[in-house]
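Numbers restart at 1 for each chain; the letters A, B, ... are given by sequence-line order, proteins then strands. What you see is a predicted model; the values in this text were computed from it and never measured.
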Amino acid sequence: MSSTTAPPRAEPPPPAAPRGPGRRPRAGRPDRSVLGLMLPALVPVVLFSVAPLVYGVYLAFTDARSGRNVDVAFVGPRNFADLLSDGDFWASFQIGLVWAVSVTVLQLAAGMGLALLLNQDLRLRWLARTLAMVPWAMPPVIVGLMWRLVYHPDAGILNATLRDIGLVSGDIDWLNDFSVALPAIIVVGVWTGMPQTTIVLLAGLQGVPRELREAAEVDGAGAWRRFRSVTLPQLRPVITTITSLNFVWNMNEFALVWVLTQGGPGGRTRLPMLYAYEEAFRYGFFGYAAAMGVAIVAVVLTVLAVYLRRQLKEMR
Amino acid sequence: MTGASRGGRGSAAGRRAGRTAGRALQYLALAGYLVFLGFPLVWLASTALKTSREMARLDPTWIPLEPTLANFAAAFGEQDLVGAAQRSLVVALASAVLVVLIALPAAYALARFRSRLNRVALGWVLVSQVFPFILIIIPVFMILRTMGLVNTLAGLVVVHVTFCLPFVLWMLQGYVRGVPPVLEEAAAVDGAGRWRTVVSVVAPLLAPGVVAALMFGFISSWNEFLFALILLKDPQVQTLPLALVRFTGPEGVVRLGPLAAASLLATIPSLVFFTFIQGRLKGGMVSGAVKG
């Protein structure tokens, strides 16, 4: 990762290293002291994330309930069969995909636009840079509360402004309307996630060699051509990375949507995370909720694998 | 966006006109971004400065008619919020200190020795970025219940430490790598033991990294919502994000002012942190994350 390596690592390991490569003997038996130093960090990680991960997968095949002394029986794939015929789950799943894909795509488009602007020599750039950092720094709960104030049907500024422009006559209850609630929270998702995407893309843009673009300009390529055939291919690895991360993060989103709508109205914004939370902690179906978790993770991994494979192929 | 010379190979005058038009479009787009990014923040601030009488008006205005700081005073007068803020502070401080104490030796080991654990640890850091929380919240809850840590701040600290550990570990090992090993060897030659070397040579040089890691640990915990929601059912032990979400209650509009004020106050720690590391983010950390 870094070029500043310790001297024992700077020289290549001797060909006849007694215990395989990568284990250079050093004063004080490195392996044991390494383990000693790592132990305090390993214990919590194993106890509270590796073990739960394994246990969670196991729970998905049981009928575990929330009570303290409940008998837990292994039920095989029954939970998954139930999932397949659970209409609410499919609805929630669909909402989750619409949410994650829209937010990810819009984040990329909006973030790319802003990054290109910030890469130009414009006045007020500092203000945009600073403002772009703020949503990143804000706690998700506060972001949700803030947008609830914006969307508030009576006291919110959005309805007041739209009324003043004459776009709407009545009050729209943005977060409680069946048809606009999902788009409304998608806007908030883009607002929160765009800064990170912008910063990463900007870092990538600054890594694109200037000579390449200048050469294209000399050849008479217009701005759009230069962007499509010079900048974009150079940015591809960065775009692939941030898009994959954004997709997973958006699929994992909980706090923001919980604060905004709690999944309402009528489940129209109930992302899979919210649905699983309700099943587990409101109704106590631990096994069933765990099965949901497994199914969601499986789908996310599949989507990612397909996407990454395509990107890799096109990069070649 | 970079539409400066859309005219391509037109006449010089045409190109100049095109360039000016392009610039104008760029400023227009920038203005659009500024409005989109800024207006919710302005509205939050505006709401925080309004009187409760003004909040009840049907035609809200951008600028408070009679600006007041009463909402901030009201927020400080709310026992629920103040108590929750104190608990959040305790949890965040404890998490930050604990995670750095745990991560520091491991970071040192990762940066200085080469072992098979390096790969595993780094892989775990990556996985942690895309961790399926949905899969582990239930088992984590069950484990903590068995340990009697549900509804306790200690339980929340344990969870927060675990889940910001990977990133803190990665941050710190970067800082350890930045300390030239030559210095340690010099100290060793001078007869200092390993422990002595670490304490008196490495630690002072690591101080800025440790501060950054402490702040990161603090902010992660201060902002965290999902685990707090699951673990802390009893209102007596709830943290600030939970208290804020529950604050408005049935009284609705009247309490929006104090809520906005409290929200602004609750954002301050994160803002301080991000201002502090902004330079680093733009330079080292992000490019490191991108280039791998």
Side-chain angles (χ1 to χ4, degrees), chain A residues 2 4 6-7 9 22 24 30-31 34 37-38 40-41 44-45 48-49 52-53 55-56 59 113-114 116-117 120 122 128 131-133 137-139 141-142 145-147 149-150 155 157 160 199-200 203-204 220 222-223 227 238 248 252 254-255 259 273 276 280-281 286 289-290 293 296-297, chain B residues 1-4 6 8-9 26 29-30 33-34 37-38 40-41 43-44 47 55 58-60 102-103 105-106 108-109 112-115 117 130 132-136 138-140 161-162 165 169 177 181 223 225-226 230 241 244-245 253 256 259-260 263 266-267 270-271 274 278 286-287 290:
Chain A
S2 156
T4 53
R9 293 163 28 107
R24 302 282 337 280
D31 266 357
V34 165
L37 289 168
M38 303 272 281
V45 166
F48 295 105
S49 33
L53 200 60
Y55 192 39
L59 277 178
L114 186 54
L116 285 170
L117 283 174
Q120 301 280 311
L122 296 177
L131 266 184
M133 293 297 289
M138 281 178 101
V141 167
I142 308 281
L145 291 171
M146 180 179 72
W147 278 88
L149 294 175
V150 168
I157 193 63
I199 304 284
V200 171
F227 175 69
V238 179
V248 178
N252 275 341
F254 180 86
V259 173
M273 273 292 272
F281 295 100
F286 280 2
I296 290 160
V297 170
Chain B
M1 319 286 126
T2 45
R6 187 153 306 192
R9 281 180 238 169
Q26 288 180 347
L30 191 65
Y33 275 111
L34 288 178
L37 287 170
L41 302 167
W43 185 243
L44 180 66
T47 309
M55 284 304 300
L58 276 182
D59 191 19
I102 288 174
Y108 185 80
R112 284 285 189 266
F113 302 106
R114 201 174 201 187
S115 82
L117 280 172
V130 292
F133 283 104
I134 197 164
L135 248 186
I136 55 155
I138 300 165
V140 165
V161 165
T162 308
L165 184 59
L169 188 61
R177 274 169 207 271
N223 291 352
F225 180 71
L226 177 56
I230 288 160
L244 280 173
V245 169
V253 177
L256 290 184
L259 176 71
S263 298
T267 310
S270 320
L271 278 182
F274 272 82
Q278 192 176 9
V286 170
S287 61
V290 171

Which portion of [X] sits near chain A, non-hydrogen atoms under 4.5 angstrom:
X	result
B:L169	neither
B:T47	side chain
B:L37	both

Heavy-atom pair count under 4.5 Å with chain B, highest-scoring of [options]:
options	answer
A:G293, A:P52, A:A160, A:G56	A:P52
A:W147, A:F48, A:Y55	A:F48
A:A289, A:S49, A:A128	A:S49

Structural part of [X] lying under 4.5 Å from a heavy atom of chain B:
X	value
A:L145	side chain
A:V150	both
A:L149	both
A:L122	both
A:F286	both
A:V45	both
A:L59	side chain

If you count heavy-atom pairs within less than 4.5 Å of chain A, which of [options] leads?
options	answer
B:G38, B:S270, B:A260, B:A266	B:S270
B:I138, B:T267, B:L165	B:I138
B:L30, B:V140, B:L271, B:V161	B:L30
B:L259, B:L244, B:T162	B:T162

Minimum heavy-atom distance [X]-[Y], with the two atoms named:
X	Y	answer
B:L44	B:S263	CD1-CB, 4.4 Å
A:A132	A:L114	CB-CD2, 4.2 Å
B:Q26	A:Q120	NE2-OE1, 3.4 Å

From OH (B:Y33) to CG (A:L117), nearest 0.5 Å: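 Output value for this atom pair is 6.5 Å.
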Just wondering, do A:P139 and B:F225 contact through their side chains at under 4.5 Å, heavy atoms?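 The answer is no; the side chains never approach within 4.5 Å.
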